[in-house]
Structures are given as C-alpha cells and as structure tokens.
Amino acid sequence: MKAFSLHLLLLTLVLLSSSDYRVEAKCNFPAIFNFGDSNSDTGGFWAAFPAQHGPFGMTYFGHPSGRASDGRLVVDFLTQALGLPFLSPYLQSIGPDFRHGANFATLASTVLLPQTSLFVTGISPFSLGIQLNQIKELKAKSLSLNQSGLPLPSTDVFARALYTIDIGQNDFTSNLKSIGVAGVKQYLPSVVNQISWTIKELYDLGGRNFVIFNLAPIGCYPAFIRQLPHNARDMDQYGCMVSYNKAVMHYNRLLLQSLNNTRGIVPGANVVYFDKHAVLLELFRNPKASGFYYSTKACCGYGGGAQNYDPAVYCGNSKVINGQNVTATACGDPQNYVSWDGIHATEAANRVIATVLLNGSRSNPAFAFSKFCDLNPIG
Ligand SMILES: *[C@@H]1O[C@H](CO)[C@@H](O)[C@H](O)[C@H]1NC(C)=O
Ligand SMILES: *[C@@H]1O[C@H](CO)[C@@H](O)[C@H](O)[C@H]1NC(C)=O
Ligand SMILES: *[C@@H]1O[C@H](CO)[C@@H](O)[C@H](O)[C@H]1NC(C)=O
Ligand SMILES: *[C@@H]1O[C@H](CO)[C@@H](O)[C@H](O)[C@H]1NC(C)=O
C-alpha cells in the first residue's frame with residue numbers, strides 16, 4: 001500500500017511538472033497575436049510551402065516543427081510562461097486553434113511589400129501588410145462565426161491580447177550585398193514608419209498591449225560574416241563586423257524614436273520596445289557568462305572553421321561538392337551554441353532572450369511580465 005501511494009505521488013509530480021502549462025497561470029493575457037519573420041514563425045511558412053526537414057526541431061520537438069531553430073523560439077517561451085498553448089500559425093490548414101491567439105509570422109517576411117518573388121530571392125510573400133490583413137480577416141470571422149463552435153478567439157480577446165511584433169531583419173539584410181549599408185539606410189525610415197502604422201491599425205482593431213522587438217546584431221551572425229563584404233579591419237575583438245552592427249544600431253534608434261512618436265497616436269495603449277539586440281550582443285561578446293561556448297560559430301552547418309557556415313550548403317541540406325556528397329549536419333551540443341544555423345538563434349539562446357523579455361530589464365519602458373503576470377517557470 002505504501003509503495004503504491006508513493007508510486008502515485010511520483011506519477012502526480014511527473015504529470016504536474018511536464019503537463020499542460022495552462023493549468024496554473026493566472027495572467028491577464030488570454031491570447032497572443034504575433035507578427036514577424038523566421039525569428040518568431042512557429043510553422044506558417046512551412047504550412048504554406050511544405051518541405052522542412054531535420055535536424056530542425058531536434059532539441060525540443062524531436063521533429064521539424066516549422067521553426068527555424070533546434071527547439072523553441074522566444075514567442076514559444078513567452079506563451080508557455082503566460083500559460084498559453086503554442087500559437088497556431090494563421091496559415092495552418094490542418095487543425096489550428098486560434099482561441100488563444102494566432103501567429104502571422106512567416107520565415108523570410110519583410111515589413112515593406114516585397115519587390116521580388118519567393119522563387120527568385122526566397123523572400124516570403126507574407127509581408128507585414130499581408131499579416132495585418134490576415135488578423136483583420138480573423139477578427140471579422142471570429143465575429144461572424146461567433147456561434148459556430150470553431151476554435152476562434154472570442155470577441156473580447158482582441159482588446160485583451162498581447163500583440164508582439166518581431167520583424168525587419170529581412171528588410172535590413174536582403175539588400176545589403178547589392179546596395180550596401182548606405183543604400184539600405186535610405187529606406188529604413190519607411191520600415192519603422194510601416195511598423196508604427198501597423199501598431200495604429202492594430203490599435204483600431206482593439207489592441208492595447210504591444211511589444212516590439214528591435215533588430216539583432218547581425219554583424220555577429222555566422223552567415224552574414226561569411227556572405228557580406230567586409231575587410232579584416234572591420235572585425236572587432238569578438239569576431240563581429242563593426243560596420244553592419246553600427247547600421248543595426250542606427251535602425252534600432254530609428255525604431256525607438258518612431259515608437260516614441262507612435263505612443264502619441266494610440267492613447268491608453270502600452271507600446272514596449274524590447275532590446276533583443278542588447279541581449280544577443282552580450283551573448284556574442286561574452287558567451288561563457290551565460291553558459292555558452294560558441295557564439296559566432298553555427299551549430300548546424302558545413303565547412304567547419306570559425307563560422308562553420310557555407311552558403312552553398314545550408315543546415316540540413318546536402319550537395320555534391322568536388323564530386324563528394326556533403327551534408328550540413330547539426331552539432332551534438334546545441335545548448336553550447338548561440339547560433340543554430342548561422343542565421344537563427346538556438347533554443348538555448350532564445351531561452352535567455354525570453355528570460356530577459358519577461359523580467360523587463362531590457363524593455364523600454366521597463367515592462368516586467370514577472371510583476372503583474374503569474375508566470376510559469378521557463379522550462
Ligand atoms: C458572441 O457574441 C455575443 C454578442 O456580441 C457575445 O455576447 C458572446 O460572448 C460571443 N460569444 C463568443 C464565444 O465570443
Ligand atoms: C520621446 O518623446 C518625448 C515626448 O513625447 C520626448 O521628450 C523624448 O525626447 C522622446 N525620446 C526619444 C528617444 O525620441
Ligand atoms: C547525399 O547524401 C544525402 C544524405 O545522406 C542523401 O539524402 C542524398 O540522397 C545524397 N545525394 C546524392 C546526390 O547522392
Ligand atoms: C533579467 O534576466 C537576466 C538574464 O537571466 C539577468 O541577467 C538580469 O539580471 C535579470 N534582471 C532582472 C531585473 O531581474
């Protein structure tokens with residue numbers, strides 16, 4: 001009898017620690033609506049254009065989950081901490097559940113309307129303006145189909161949800177090779193203006209709580225170090241390209257200013273600028289302080305060397321080079337890497353970013369979820 005109840009107790013503990021995060025949280029946000037690119041795409045792109053294969057998803061999901069990482073993204077940690085289920089991509093046609101939000105992000109999305117095609121340059125057709133139209137459609141459907149029993153957000157959710165926006169990296173990087181930093185800087189004001197305009201549109205839909213992510217220090221990303229023109233003098237002591245990182249900081253200042261102005265046109269709303277850049281820069285510069293070993297070297301790649309990145313053979317792909325069939329495989333210890341595939345963060349790095357997002361120490365204004373939400377611990 002004793003042995004039996006001990007067994008039961010253990011079983012209960014195991015169930016409590018591994019089961020549904022929804023059970024315990026008591027936060028105010030009933031849903032998250034996310035807009036973005038691969039940094040927050042939980043399966044939208046691969047729902048529209050199925051093809052993703054391993055080793056993506058190897059750490060957490062155990063199979064490709066449509067995310068550009070070995071495991072969870074920042075938005076996944078955020079949903080778990082808030083006691084919500086993972087967000088269904090809006091484009092998911094098989095069994096989506098939008099009652100607790102939706103994810104409009106797709107890999108390779110831009111803020112500005114693309115001037116090119118997916119099949120030419122790999123840029124997603126689902127730019128921010130399209131993502132905005134999608135949430136308008138979702139809201140309209142959730143009103144008109146309100147009695148249908150479909151897994152749609154209830155009508156009050158749009159006003160109470162958290163709106164997260166993590167986009168702009170592809171606007172910034174996709175033309176760097178052809179027109180350089182000076183060329184890209186010309187249109188960065190349009191990028192931040194479009195983000196501000198989108199916030200106003202979401203506000204008109206009822207949105208009152210917004211978190212906007214700034215851009216990462218892409219000058220430290222293995223893929224860009226290998227692909228963007230620079231000379232040895234441009235490299236800093238951390239192995240990052242100074243000129244591109246400076247340009248990112250220029251963009252981030254524009255975004256900060258633009259959000260500051262946006263607050264004036266969305267009275268009563270919280271518009272929070274989240275400095276993801278600072279968190280990642282610290283990881284790239286001082287990986288060991290956060291328990292990492294490699295920063296500017298990709299876990300999943302081909303070629304070895306300082307970056308382990310070869311633009312010809314992206315993570316998980318195979319190619320015949322000099323008569324040899326080579327494959328870009330994953331390292332066995334992604335928890336020691338900041339960079340997963342040269343362009344995207346590992347789950348381990350995403351966990352650090354999410355921790356800082358939740359404690360508010362890099363948010364402007366300082367907005368600590370941990371203060372007013374009953375957060376689940378990040379697993
Ligand atoms: C449906 O709409 C009615 C009237 O607006 C509202 O009272 C009710 O809560 C809605 N139901 C859901 C499931 O959103
Ligand atoms: C933000 O706006 C306030 C007034 O609206 C202004 O005083 C402040 O300087 C602005 N800050 C930035 C970074 O633009
Ligand atoms: C190269 O190797 C990969 C992985 O082993 C395999 O899937 C692929 O079919 C091979 N390609 C060729 C051209 O042999
Ligand atoms: C927030 O989290 C980071 C990373 O764990 C930590 O370094 C920082 O001290 C925390 N700040 C606060 C205010 O808790």
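Values below: every heavy atom of this structure, side chains too, minus hydrogens, waters and symmetry copies. Given the structure is predicted, the values throughout are model-derived calculations rather than measurements. Whatever order the structure lists them in is the order used to number ligands and atoms, beginning at 1.
In this structure, atom 14 (O) of ligand 4 lies nearest to the protein heavy atom N359 ND2, 3.2 Å. Protein heavy atom in closest approach to atom 13 (C) of ligand 4: S361 CB, 3.9 Å. Distance from atom 4 (C) of ligand 4 to its nearest protein heavy atom, with residue and atom name: V356 CG2, 3.7 Å. Scanning the protein heavy atoms around atom 12 (C) of ligand 3, the nearest turns out to be N325 ND2, 3.3 Å. Of the protein's heavy atoms, S318 OG, 4.8 Å lies nearest to atom 7 (O) of ligand 3. At the top of the distance list for atom 5 (O) of ligand 4, counting protein heavy atoms only, stands T355 CG2, 3.7 Å.
The minimum heavy-atom distance between R67 and Q52, with the atom names listed, is O-NE2, 2.9 Å.
Between F172 and Y251, the ring-plane angle classifies as perpendicular under the 30° and 60° cut-offs.
In this structure the side chain of N359 reaches within 4.5 angstrom of the side chain of S370, judged on heavy atoms.
Atom NZ of K136 is surrounded by more than 12 heavy atoms from other residues, nucleotides or ligands within 6.0 Å.
The structure places NZ of K319 at 11.0 Å from OH of Y302, a figure rounded to the nearest 0.5 Å.
Checking atom 9 (O) of ligand 3 against the protein gives no heavy-atom contact under 4.0 Å.
For the side chain to side chain donor-acceptor pair (under 3.5 Å) with Y273, the lone residue among N364, N214, N252 that qualifies is N214.
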